[in-house]
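Here is the naming used below: chain letters follow the sequence lines, and residue numbers restart at 1 for every chain.
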2 protein chains.
Amino acid sequence: MAPRPNAGTKGVPRADREQEILRVASVAFGTDGFAATGVADVARAAGISKALVYSYFGSKEGLHAACLAEAGGLLAAEIERVARDGSAGVERGVRTLAAMFAVLDDRRHLWRLLRDPSAAVDGPAAEVVARYAARIEALAREGVLELLGDAGITDELDVSAMVRTWLGIVDSFMDWWVAHPDQDAGEMTRRVARLVTALAADHTRRLAARTPRREDAAP
Amino acid sequence: MAPRPNAGTKGVPRADREQEILRVASVAFGTDGFAATGVADVARAAGISKALVYSYFGSKEGLHAACLAEAGGLLAAEIERVARDGSAGVERGVRTLAAMFAVLDDRRHLWRLLRDPSAAVDGPAAEVVARYAARIEALAREGVLELLGDAGITDELDVSAMVRTWLGIVDSFMDWWVAHPDQDAGEMTRRVARLVTALAADHTRRLAARTPRREDAAP
DNA sequence: ACGATATGACCTCCGGGTAAGTTACCTCAG
DNA sequence: CTGAGGTAACTTACCCGGAGGTCATATCGT
């Protein structure tokens, strides 16, 4: 029979429990969003009571902040690593995506944590997310500046729009990936490469059509 | 002095009031999302009582559905128009964006309505949003199929991922646009064209670097 | 036995939804 | 012309359920 309620579980070290709660909470927040996730849901999924979650993390915001700190550190570190490898332009973007696929293969929901539109805009958690999100956005901006600079574009608004778009592209791939759990990181990387190539091919084709060599006859 | 409460307002036709509520609600839902918007907020912004909103639209979902039907019809019609103009590939994407900027110049929040992650996934409103969102996604898929087909890609997963990414790109530009109210539709269109050109230029540069004519010396 | 740990029951507030009351307009008998 | 009564529009005040947060109590390890 099931152990009776309140059965002490001292056998499990507190640190492990905290880790387990964080894991479960990250999945929940990252999948359903901060607003749509209840503390009771997290507690049930972790197999403990709601009160214990509060005893560990103080508040829903505190729990959120703890999740964010973990995810933010992981992601920012990885993106910074790619930023230092010397690639640039679209190439750098593809490499960044590849690195993120590799790191997040078994924790795909983590990306959503830092880019959750339903997260509170103020409070302690917002401070944490702001720190990491700003760090990640700074890296994105660095890449975009390089890319656009090479094309002669320095307008601040262009840069800002492109950064937003780049982050949106990453969002999209992550969402698609979450919806396709059977796809592993390697497949995702190859897929992105394929799609980028296809876009480039379209560009080439467009150029060719604009400067036709011969056959121009109207049908 | 202010008109006393309950002062009859028969002077305002009911249809106009409904329109006003829809306008206000669309802004609220589109800006803050469905979940984060309260019926009381909408009522206050429209200058009427919460109960009147219920008397007109039955429920929060009913109000949402009414907003969605309006926005969905407008957007789907416009995208269909572009789909029929014969353009293809990236060119078609740029034209679609341009058309949407033109249509949404003074109602930028409408796009968010159809792509609101906080909207209910079932219920009457979900049915409406599903109809229009599916229609818009079908058009996106049509464009992507063309683009990828020309590049020799027919894999269903590639197509699906690219559709998701395309919608994400539109999302991004709309979000950026909402955050930059001073930018008009024409400026947005030119900005997109500029950014696409810059990406293409990066591609060209990459090709050139891969087949170097001369200088290859290691530093 | 005692402190640390964990819990069920409880409080409170917020937001969707409703019912009853209030006002304004219209109509028609006198 | 006028005012009593009917009706539609509108609002205030309330209900209720759900989620964040708290606390006295029960259990476990020592």
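- Inspection of the Trp176(B) and Ser160(A) side chains reveals an N or O donor paired with an N or O acceptor under 3.5 Å.
- Rounding to whole angstrom units, CZ of residue Phe57(B) and C1' of dG17(C) are separated by 16 Å.
- With values rounded to the nearest 0.5 angstrom, Met188(B) atom CE is found 9.0 Å from His180(B) atom NE2.
- Rounded to whole angstrom, the span from the CG atom of Leu63(B) across to the C1' atom of dG17(C) amounts to 14 Å.
- Protein atom CG of Leu52(A) is 14 Å distant from nucleotide atom C1' of dC28(D), rounded to whole Å.
- Rounded to an integer number of Å, the gap from Glu18(B) CD to dA9(D) C1' is 13 Å.
- The nearest whole Å value for the distance from the CD1 atom in Ile21(A) to the P atom in dT5(C) is 13 Å.
- At least one side-chain heavy atom of Glu80(B) sits less than 4.5 Å from a side-chain heavy atom of Arg135(B).
- What separates CD1 of Ile48(B) from P of dT11(D) is a distance of 7 Å, to the nearest Å.
- Residue Phe29(B) contributes atom CZ, which lies 12 Å from atom C1' of dG16(C) at whole-angstrom precision.
- Ring planes of Phe173(B) and Phe101(B): perpendicular class, angle over 60° (limits at 30 and 60°).
- Below 30°, between 30° and 60°, or above 60°: for His64(B) and Phe29(B) the angle between ring planes is above 60°, a perpendicular geometry.
- For Arg17(B), no side-chain nitrogen or oxygen approaches OP1 or OP2 of dA9(D) to under 4.0 Å.
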What nitrogen or oxygen pairs link the protein and nucleotides 16-22 of chain D at under 3.5 Å?
residue	atom	partner	partner atom	Å
dG20(D)	OP1	Thr37(A)	O	3.4
dG20(D)	OP1	Lys60(A)	NZ	2.9
dG20(D)	OP2	Val39(A)	N	3.0
dG20(D)	N7	Lys50(A)	NZ	3.4
dG21(D)	OP2	Tyr54(A)	OH	3.2
dG21(D)	OP2	Lys60(A)	N	2.9
dG21(D)	N7	Lys50(A)	NZ	3.0
dG21(D)	O6	Lys50(A)	NZ	2.6

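- You'll find the side chain of Leu139(B) reaches within 4.5 Å of the side chain of Glu142(B), heavy atoms only.
- Across all strands shown, Tyr56(B) has heavy atoms under 4.0 Å from sugar-phosphate atoms exclusively, and none from any base.
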